[in-house]
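A short write-up of the structure that comes next.
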Amino acid sequence: QVQLVESGGGLVQPGGSLRLSCAASGFTLDYYSIGWFRQAPGKEREGVSWFSGSSGRTYYADSVKGRLTISRDNDKNTVYLQMNSLKPEDTAVYYCAARSTSRVWGYGSTWLNHREFDYWGQGTQVTVSS
């Protein structure tokens, strides 16, 4: 059974840091790409970062570049999102999602499109507030 479980969310002051974890089970990350998305109340789900399972390259949304770092631990089958210099606008529920490296991209679509992902975790709340 494919499962993704996020953890590490919480309340942090502006400028603070958090590390989110996404533990995968039922499949190996070697054959999957993992994306982190977030959704704030009343807003669309947006892509934050992506770890390509096929190339090992990492990608970031412009809004988080230089502040967030995605990484993967194959031994633990876990992907991390290190978040530094957090801002109030980073407040959202954060989700990790997986897509097979063999899946064909929709025409003109990219990792920023949450519909490109097959499996989702339950989400973890991140609140940045003083």
Side-chain angles (χ1 to χ4, degrees):
Q1 180 182 359
V2 173
Q3 191 173 18
L4 297 170
V5 178
E6 302 98 334
S7 61
L11 172 64
V12 64
Q13 292 186 343
S17 298
L18 284 173
R19 188 177 80 156
L20 305 184
S21 299
C22 173
S25 60
F27 67 97
T28 175
L29 290 177
D30 289 341
Y31 303 104
Y32 283 80
S33 297
I34 297 294
W36 281 97
F37 293 79
R38 66 186 181 187
Q39 189 165 19
K43 293 189 176 181
E44 291 283 321
R45 188 168 298 190
E46 64 170 345
V48 174
S49 183
W50 181 51
F51 191 110
S52 171
S54 57
S55 69
R57 295 181 65 179
T58 58
Y59 300 82
Y60 301 92
D62 289 341
S63 59
V64 304
K65 279 181 182 176
R67 300 189 297 118
L68 272 58
T69 303
I70 190 171
S71 61
R72 186 176 75 181
D73 185 330
N74 288 344
D75 291 338
K76 295 182 178 179
N77 219 36
T78 298
V79 174
Y80 302 97
L81 186 67
Q82 178 67 43
M83 304 192 297
N84 300 325
S85 302
L86 284 164
K87 305 175 181 180
E89 50 264 43
D90 294 318
T91 295
V93 177
Y94 283 71
Y95 301 89
C96 65
R99 78 187 306 273
S100 170
T101 55
S102 63
R103 177 177 170 178
V104 176
W105 292 96
Y107 181 77
S109 189
T110 71
W111 68 270
L112 293 168
N113 183 354
H114 63 86
R115 297 175 183 82
E116 291 285 348
F117 289 77
D118 302 309
Y119 306 106
W120 290 83
Q122 82 289 349
T124 184
Q125 176 71 46
V126 171
T127 302
V128 185
S129 175
S130 55

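All values derive from a computational prediction rather than experimental measurement. Positions are given from 1 along the sequence.
Side chain of Thr91 to main chain of Val128: a donor-acceptor pair is present (N/O by atom type, distance under 3.5 Å, no hydrogens or angles). Not one N or O on the side chain of Ser33 forms a donor-acceptor pair closer than 3.5 Å with the backbone of Ser52. Under a 3.5 Å cut-off, the side chain of Glu6 and the backbone N or O of Cys96 do form a donor-acceptor pair. Between the Asp118 side chain and the Arg99 main chain, no donor and acceptor come within less than 3.5 Å of each other. Between the Asn113 side chain and the Thr110 main chain, no donor and acceptor come within less than 3.5 Å of each other. Of the possible donor and acceptor atoms, one in the side chain of Arg67 sits under 3.5 Å from a partner among the backbone N and O of Ser63. Within the 3.5 Å criterion, the main-chain N or O of Lys76 finds a donor-acceptor partner in the side chain of Thr78.
Applying the side chain to side chain donor-acceptor pair (under 3.5 Å) criterion to Lys43, with sequence neighbours excluded, gives no partner residue.
Smallest separation of non-hydrogen atoms from Trp36 and Cys22: CZ2-CB, 3.5 Å. Nearest heavy-atom pair across Asp90 and Ser85 is OD2-O, 4.5 Å. In plain terms, the two heavy atoms of Ile34 and Trp50 that are nearest each other are O-CD1, 3.2 Å. Annotation for Ser130 and Pro14: closest pair N-CD, 3.7 Å, computed over non-hydrogen atoms.
In this pair, Trp111 and Tyr59 present their aromatic rings tilted. The plane angle is within the 30 to 60° band. Note on ring orientation: taking the six-membered ring where Trp is involved, the planes of Trp105 and Phe117 are perpendicular (angle over 60°, cut-offs 30° and 60°). Between Tyr119 and Phe27, the two ring planes are parallel [angle under 30°; tilted spans 30° to 60°].
For the atom pair CD (Gln125) and OH (Tyr94), the distance works out to 9.5 Å, reported to the nearest 0.5 Å. Interatomic distance, OG1 of Thr58 versus OH of Tyr60, reported as 4.0 Å (0.5 Å rounding). Going from atom CG of Asp30 over to atom CZ of Arg72 covers 5.5 Å, rounded to the nearest 0.5 Å. One finds the OG atom of Ser100 at 10.5 Å from the OH atom of Tyr31 (value rounded to the nearest 0.5 Å). The distance from atom CG of Asn77 to atom OG of Ser25, rounded to the nearest 0.5 Å, is 8.0 Å. Considering CD1 of Ile70 and CD of Gln82, their distance stands at 12.0 Å, rounded to 0.5 Å.
Between Lys65 and Asp62, at least one side-chain N (NZ, or NE/NH1/NH2) sits under 4.0 Å from a carboxylate O, which counts as a salt bridge.
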Between Val12 and Thr127, does a side chain to side chain contact (heavy atoms under 4.5 Å, CB included) hold up when you go through it step by step?
CA-CA 6 Å; Val12 64; Thr127 302; over 6 Å; no
As a quick check of understanding, evaluate side chain to side chain contact (heavy atoms under 4.5 Å, CB included) for Arg38 and Glu46, giving each step before the final call.
CA-CA 6 Å; Arg38 66 186 181 187; Glu46 64 170 345; 2.6 Å; yes
Output, in order, the C-alpha distance, side-chain angles, deciding distance and verdict of side chain to side chain contact (heavy atoms under 4.5 Å, CB included) for Gln122 and Val5.
CA-CA 7 Å; Gln122 82 289 349; Val5 178; 4.3 Å; yes
Step-by-step side chain to side chain contact (heavy atoms under 4.5 Å, CB included) determination, Leu20 to Ser7
CA-CA 6 Å; Leu20 305 184; Ser7 61; over 6 Å; no
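Under the 4.5 Å side-chain criterion, counting only non-hydrogen atoms from C-beta, Trp120 is not in contact with Leu4. When side chains are defined from C-beta on, Ser129 does not count as touching Pro88, because their heavy atoms never get closer than 4.5 Å. Taking 4.5 Å as the limit, some side-chain heavy atom of Leu86 sits within range of a side-chain heavy atom of Leu18.
Checked options Val79, Leu68, Leu81; the residue passing with Ser49 is Leu81 (criterion: side chain to side chain contact (heavy atoms under 4.5 Å, CB included)).
Crowding of Glu44 atom CD: a count of heavy atoms from other residues, nucleotides or ligands under 6.0 Å not exceeding 12.
Side chain to side chain, Glu116 and Ser109 meet the donor-acceptor criterion of an N or O pair below 3.5 Å.
In terms of hydrophobic clustering, with Ile, Leu, Val, Met, Phe, Trp and Tyr side chains grouped at heavy-atom distances under 4.5 Å, Val48 and Val126 are assigned to a common cluster. Val2 and Phe37 are members of different hydrophobic clusters when ILVMFWY side chains are connected at heavy-atom separations under 4.5 Å.
With a 6.0 Å cutoff to the six-membered ring centre and a 45° limit on the axis angle, Arg45 counts as a cation-pi contact of Tyr95.
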